[in-house]
Enquirer: 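The structure's right below; bear with me while I get my questions together.
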Amino acid sequence: MKWYIWLFQLLDNTHRWLGEGLATYIEPLGRIRTGSLTPERVWRDLVLGLPQGEPQPGDQGLDVTHTWGRTYWGGRFFV
């Protein structure tokens with residue numbers, strides 16, 4: 001098991017956005033390296049996806065607001 005997987009198992013659900021944000025960042029880079037995605041596709045997906053992580057009215061921050069967009073894309077903003 002890689003050290004970073006162990007590290008994220010220590011985080012409680014409050015900080016799930018951090019692990020998901022890192023995964024949203026790292027996974028496409030690995031797919032570029034394997035040839036299953038092009039860099040252009042990764043950039044396009046990033047440009048289209050990041051707005052989903054922006055705070056909405058009433059948002060209480062990444063630790064409190066657990067919507068899909070804030071968890072995955074908000075975490076990606078942070079990374």
Side-chain angles (χ1 to χ4, degrees):
M1 181 180 299
K2 302 280 187 191
W3 68 269
Y4 51 86
I5 295 172
W6 176 79
L7 174 66
F8 289 116
Q9 290 174 345
L10 294 177
L11 296 175
D12 64 24
N13 203 32
T14 305
H15 305 294
R16 190 170 120 199
W17 60 268
L18 180 58
E20 297 299 343
L22 281 170
T24 304
Y25 172 72
I26 294 170
E27 184 262 341
L29 298 179
R31 293 182 68 189
I32 289 171
R33 291 187 60 124
T34 65
S36 62
L37 281 179
T38 64
E40 294 79 15
R41 172 68 188 266
V42 170
W43 280 108
R44 183 184 73 83
D45 291 350
L46 182 66
V47 167
L48 294 175
L50 280 176
Q52 298 176 65
E54 292 182 4
Q56 301 299 313
D59 187 280
Q60 297 179 12
L62 292 170
D63 287 344
V64 178
T65 304
H66 297 293
T67 61
W68 178 85
R70 286 295 279 157
T71 299
Y72 292 89
W73 290 105
R76 177 60 182 93
F77 262 125
F78 184 79
V79 174

Enquirer: Please name the pair of heavy atoms, one in Pro28 and one in Ala23, separated by the smallest distance, quoted to 0.1 Å.
Expert: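 Heavy atoms only, the tightest pair is CD-O, 3.9 Å.
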
Enquirer: Would Trp43 and Glu40 count as a side chain to side chain contact (heavy atoms under 4.5 Å, CB included) here? Give the steps.
Expert: CA-CA 5 Å; Trp43 280 108; Glu40 294 79 15; 5.9 Å; no

Enquirer: Would one find more than 12 heavy atoms of other residues, nucleotides or ligands at under 6.0 Å from atom CH2 of Trp68?
Expert: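 It does: Trp68 CH2 has more than 12 such atoms within range.
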
Enquirer: Scan side-chain atoms only and decide if Thr67 and Thr65 contain a donor-acceptor pair under the 3.5 Å cut-off.
Expert: no

Enquirer: Heavy atoms only: give me the nearest Leu62-Arg70 pair and the separation to one decimal.
Expert: CD2-O, 3.3 Å

Enquirer: With sequence neighbours left out, write down each residue that passes salt bridge (charged side-chain N to carboxylate O under 4.0 Å, His left out) with Glu27, or none if nothing qualifies.
Expert: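 For Glu27, the residues satisfying salt bridge (charged side-chain N to carboxylate O under 4.0 Å, His left out) (neighbours in sequence not counted) are Arg31.
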
Enquirer: Listed by chain and number, what are the salt bridge (charged side-chain N to carboxylate O under 4.0 Å, His left out) partners of Arg44, not counting sequence neighbours?
Expert: none

Enquirer: Once rounded to the nearest 0.5 Å, what's the spacing between atom OG1 of Thr24 and atom CG of Leu46?
Expert: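 Result: 10.0 Å between the selected atoms.
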
Enquirer: Quick one: pull up OG1 in Thr71 and CG in Leu18 and give me the separation to the nearest 0.5 Å.
Expert: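 Thr71 atom OG1 to Leu18 atom CG measures 11.5 Å (nearest 0.5 Å).
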
Enquirer: With the side chain counted from C-beta on, respond yes when Glu54 and Phe77 share a heavy-atom pair under 4.5 Å apart, and no when they do not.
Expert: yes

Enquirer: What's the verdict on side chain to side chain contact (heavy atoms under 4.5 Å, CB included) for Tyr72 and Trp17, showing C-alpha distance, side-chain angles and the deciding distance?
Expert: CA-CA 6 Å; Tyr72 292 89; Trp17 60 268; over 6 Å; no

Enquirer: Please report the closest heavy-atom contact between Leu48 and Gln52, naming both atoms and the distance.
Expert: O-NE2, 3.9 Å

